[in-house]
Amino acid sequence: MGSQECQKCSGGTYSLGTGVAFDEWDSMPAGFISHGMNMNIADIYTNCSNSTWIPKGDYIASNIDECTSTLSYAVSLKKAGTVSFEYFYPDNTIFFEFYVQNDQCESTDSEGRWMSTSEKDWTPHNLKLNRGNNVLYWRTTSFALVGSAVKPVLLRNIAISGVAYTSECFHCKPGTYSAKPGSAHCTPCPADSYSNKGATVCQQCEVDKYAEAGSGSCKQRPACTTSDYFYTHTPCDSKGQTQLMYKWIEPKICSEIVEGAVDNSTGGAVKLPASGQMETCPPCNPGFSVTNTSGCEPCPHGSYSNGTACAECPVGTEPVVGFEYKWWNKMPDNMRSSVYSREYSDSVRSTGWEVAGEYIYTTQGDLDSDYMMLSLTVPGYRLPHSVAKDDERSELSRISFVFETQCTADCTLYFMAGYSERTNDMVEHWSGTTRKQSYSYLVKSNSTVSFTWGFQRTQAYSEVRQYSGDFAKMYTVQITNVVGGVASQCRHCALGSGSASECVPCPPGHYMVNGTGVCKSCPPNTFIRADQTVGEAACIHCGPNTHSNKAHSACVSDCRLDLQSTGGGEVLQYDFTPLANITSFQSSPRFTSKGLRYFHQFRVGLCGEEGREVAVCVDNVTESRKEVRGYACQSTVVPSEVRGQSVVSSQPFTIGDTLIGVTSDTSLDSIASLESSFITKSNLPDVIFYYRSSETTQACKKGRTTTIRLRCDPTVTGKDQITLPGKCSEGTCDGCSFHFLWRSPYACPLCTESHYREIVSACIQGIQRTTYVWQQPLQCTGGVSLPAQTVSACVTLDFWLKVGVSTGTVAAVLLISISCYFWKRTRKLEYKYSKLMMTAGDKECELPAADSCAIMEGEDAEDDLIYLTKKSFFTKIKSFSRERSSDGFDSVPLKSSSGLEMEMS
């Protein structure tokens with residue numbers, strides 16, 4: 001600064017000129033600030049004060065808990081510059097962002113601030129900076145909620161240019177050197193050498209000592225043990241022979257000579273065992289053929305082999321394309337082995353798995369906590385010509401492998417799948433010693449092209465290797481429908497009409513007869529199995545109240561069905577169309593050890609024909625955005641404001657991608673509905689939808705199942721009243737069988753005429769109304785509507801009263817008239833009888849003649865004279881009302897034969 005001239009830095013030092021660099025992280029460098037905070041406002045009890053970035057020597061590591069940890073650095077640039085750094089970001093359960101704010105607190109581009117997961121160990125990143133004040137932010141947030149080991153984000157070699165001219169040079173740190181003046185950086189020392197601070201050259205370690213690359217000191221070489229070498233088979237030579245050979249693990253750090261050692265029992269070093277005898281090479285893997293140099297090469301397209309010679313597939317057949325590895329004489333070209341150290345050491349060791357003829361196995365690591373990684377990468381998938389493409393068919397490929405583990409500690413074998421070796425998700429894991437077994441995984445996306453196995457002997461960190469004898473072995477690995485794959489066999493296929501050798505899929509709803517290319521129709525209402533299209537067994541009958549889709553690849557429901565009511569009564573008709581839309585609901589909240597609140601979210605697409613909307617659950621933690629689709633799925637969600645999202649969703653999986661059937665029975669196809677947790681007092685049956693997922697896990701070897709019980713409940717105002725079993729707050733008690741109760745008025749049967757009754761009103765002013773009302777409690781929806789009110793003419797009570805009075809009056813008059821008539825007749829008879837008695841009295845000495853009431857001859861005119869004599873109306877009335885005599889007899893006027901009237905008493 002005194003001469004205002006720039007000079008070169010001397011040897012052993014370096015300078016960035018107009019920049020600063022941070023490559024030593026024994027402690028937090030000056031100017032850097034780290035603090036933890038809780039981004040979830042609802043969780044006020046979460047303590048994040050200790051969730052900060054931690055210096056680790058050569059790098060700085062982020063937090064691994066649920067808090068948000070920020071590392072910041074403020075710098076003032078005299079001119080436009082850049083910031084560069086290297087990061088290691090292997091875990092997609094962490095949000096990792098880097099952004100810069102200026103004087104106005106304006107941040108960088110929101111899209112470019114999110115870091116991509118690391119494809120390799122360290123990923124470089126550069127960003128331009130503007131002149132003036134700049135604040136750099138590195139921020140991480142973890143969302144690992146299941147207690148799994150989270151890998152932190154690592155930072156190193158942060159360099160910033162554009163600052164004021166430097167006035168001093170910096171000494172090279174231990175393990176690095178700069179030999180020439182004017183160095184902009186220091187060079188790491190090679191292996192087995194070291195350097196002190198400000199070194200211009202590296203010093204070689206003594207013979208009995210070693211040092212890793214970039215070391216500031218040498219370490220004493222330990223005595224070689226059986227854990228320091230491994231066995232393998234040499235590649236086949238021109239004679240077709242191989243040899244069992246032992247090799248030291250590279251880089252070799254042990255010593256075969258230890259002073260004072262007598263034998264192995266006293267801690268002496270072991271020697272490398274002699275190589276074995278020459279043996280005949282195993283055959284090539286299926287789909288490969290032996291070359292002239294005893295190597296293996298893939299068979300050309302359209303041919304197959306069992307590992308010896310290639311042969312063309314016959315006409316009417318097609319090759320079954322894929323990869324099948326069951327002989328391990330050399331590492332396949334699309335597989336590679338590596339070692340991943342949890343402590344992120346700079347070891348150049350890269351051999352984690354080694355071939356051994358009939359299997360491939362894990363070698364010893366530098367540390368027992370290291371991960372022995374084995375990766376398989378494929379370009380993509382293509383369905384065979386004989387398999388029709390269909391939206392309902394989710395299986396693109398299937399990977400299967402046979403393995404075993406033997407452990408004395410808490411070893412774990414992980415199986416992961418994703419779109420790259422470093423960007424994948426754990427599919428399954430096995431802990432402890434496991435017997436020889438097989439596992440299969442269905443590939444449903446063309447982006448899933450990388451598969452990784454990781455074996456860790458123990459999670460406990462120790463510099464002393466105690467479990468080197470623990471191992472994992474892989475016997476066979478097979479993957480189907482791979483683009484560019486080879487074939488071990490050919491299968492019959494249907495031939496197209498255009499070409500005699502071109503394979504085409506059978507028509508929808510047809511299966512292929514065994515041993516031929518003939519397609520035969522399946523029975524009605526069946527679908528074709530995805531993993532078997534040959535033989536009549538490929539036709540599977542659809543479950544109750546479902547039908548096959550057009551492609552006959554799955555069974556679907558149109559949300560409408562008829563069920564017999566309880567007791568064998570009427571047939572109940574249902575229409576669940578209002579419930580067919582995608583519905584989301586959550587479990588009760590759960591909390592991590594830090595107090596972070598999270599939920600299990602479920603999404604359900606109950607039913608529908610082809611082209612229906614399906615339930616989708618996503619992982620939006622990283623840019624990979626994993627999605628699963630089906631009738632029902634589950635994911636774990638955390639309310640958060642990170643990344644501008646209201647929730648963070650992770651760990652999605654399907655719990656039902658195939659509809660088995662719809663019925664009121666409590667069990668179907670070995671799936672039982674949890675009836676005890678959903679007790680009802682209604683006389684209507686619950687309608688149960690049964691689903692099954694094709695994904696299998698170690699715990700759910702037959703896949704997951706789901707039952708959704710629909711219950712009629714007109715009191716529910718919304719349609720999303722879905723509850724979980726009281727005993728199983730997460731929807732499942734065993735992790736494999738999920739049960740839900742959906743109460744809704746739309747779950748009631750359709751209304752019919754039996755669901756309403758009529759009410760007839762009184763007749764008012766000649767009008768009578770008939771009103772129809774629903775039977776209560778109402779247990780139906782939709783269907784028939786209530787009939788409109790009807791009006792009819794009627795007669796009132798006053799009218800009928802008048803009619804009754806009139807009719808009674810007429811009847812009374814008639815009755816009186818009849819009575820008068822018979823009374824009159826009776827009087828005539830009395831008269832005749834009296835006359836007869838008088839006649840009999842005049843002749844006392846004679847026997848009376850026979851009694852007779854007949855009119856004697858000559859009496860008619862005389863008798864009629866009495867009554868036929870015309871009298872006035874009032875005279876007649878008077879005669880009828882004549883009083884009786886004192887003796888009780890009525891006075892009857894008589895007329896004698898002489899015509900004289902007399903009154904007779």
Side-chain angles (χ1 to χ4, degrees), residues 9-16 19-29 32 53-62 84-90 118 120-125 151-159 169-222 228 248-255 338-352 365-367 369-371 461 463 465:
C9 291
S10 60
T13 63
Y14 73 99
S15 170
L16 296 178
V20 291
F22 304 94
D23 53 7
E24 295 185 40
W25 297 92
D26 296 320
S27 61
M28 189 72 73
F32 280 89
W53 290 70
I54 303 174
K56 293 284 188 177
D58 292 334
Y59 55 84
I60 185 171
S62 71
S84 64
F85 58 89
E86 293 180 349
Y87 70 90
F88 182 50
Y89 176 26
S118 301
K120 297 182 179 179
D121 288 344
W122 292 92
T123 303
H125 185 75
K151 305 178 185 67
V153 176
L154 309 183
L155 288 178
R156 72 178 184 183
N157 297 337
I158 300 176
C169 297
F170 300 95
H171 290 282
C172 292
K173 69 176 183 177
T176 64
Y177 72 100
S178 62
K180 299 179 181 181
S183 297
H185 61 85
C186 299
T187 305
C189 292
D192 294 332
S193 65
Y194 72 100
S195 70
N196 296 318
K197 185 176 182 179
T200 58
V201 66
C202 295
Q203 305 295 325
Q204 286 295 124
C205 294
E206 298 177 6
V207 178
D208 60 341
K209 295 182 178 181
Y210 77 100
E212 298 174 348
S215 297
S217 62
C218 295
K219 301 177 182 178
Q220 189 70 38
R221 290 184 182 271
D228 292 308
W248 292 112
I249 295 175
E250 296 295 338
K252 181 185 176 184
I253 62 174
C254 67
S255 174
S338 62
V339 177
Y340 170 73
S341 177
R342 191 179 67 177
E343 297 303 315
Y344 309 101
S345 65
D346 290 329
S347 173
V348 297
R349 168 124 186 257
S350 61
T351 304
D366 293 335
L367 302 173
S369 57
D370 289 347
Y371 290 87
Y461 172 75
E463 294 184 357
R465 290 184 296 183

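Quick caveat, the model's predicted, so the values are computed rather than measured. When reading the values below, keep in mind they use all heavy atoms of this one structure, side chains included, and skip hydrogens, waters and symmetry mates.
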Nearest 0.5 Å, what's the [atom1]-[atom2] distance between [X] and [Y]?
| X | Y | atom1 | atom2 | value |
| --- | --- | --- | --- | --- |
| Leu154 | Ser62 | CG | OG | 7.0 Å |
| Cys172 | Glu24 | SG | CD | 9.5 Å |
| Phe85 | Ile60 | CZ | CD1 | 12.5 Å |
| Tyr194 | Ser215 | OH | OG | 12.0 Å |
| Tyr87 | His125 | OH | NE2 | 7.0 Å |
| Tyr14 | Lys173 | OH | NZ | 8.5 Å |

Pairwise side-chain contact, Asp208 with Gln220, heavy-atom cut-off 4.5 Å (strictly under)
yes
- Query: Does Tyr210 reach the side chain of Pro222, with side-chain heavy atoms less than 4.5 Å apart?
  - Reply: yes
inquiry  = Centroid separation under 6.0 Å, is that true for the rings of Tyr59 and Phe88?
reply    = no
Thr13 meets the side chain to side chain contact (heavy atoms under 4.5 Å, CB included) criterion, sequence neighbours left out, with Cys9, Ser10, Cys169, His171
- Mind running side-chain contact (heavy atoms from CB on, under 4.5 Å) on Trp53 and Leu155 for me, showing each step along the way? CA-CA 10 Å; Trp53 290 70; Leu155 288 178; 3.7 Å; yes
So which heavy atom on [X] is nearest to which on [Y], and how close?
| X | Y | value |
| --- | --- | --- |
| Ser193 | Ala211 | O-CB, 3.6 Å |
| Ala199 | Thr176 | CB-O, 4.0 Å |
| Glu86 | Asn157 | OE1-ND2, 3.4 Å |

### Task
Give me the ring orientation class for Phe32 and Trp25: parallel if the planes are under 30° apart, tilted from 30 to 60°, perpendicular past 60°.
perpendicular
Note to self: For Ser178, is there any backbone N or O sitting under 3.5 Å from a side-chain donor or acceptor partner on Thr187?
What the structure shows: no
So salt bridge (charged side-chain N to carboxylate O under 4.0 Å, His left out) across residues 176-198, not counting sequence neighbours, yields Asp192-Arg221
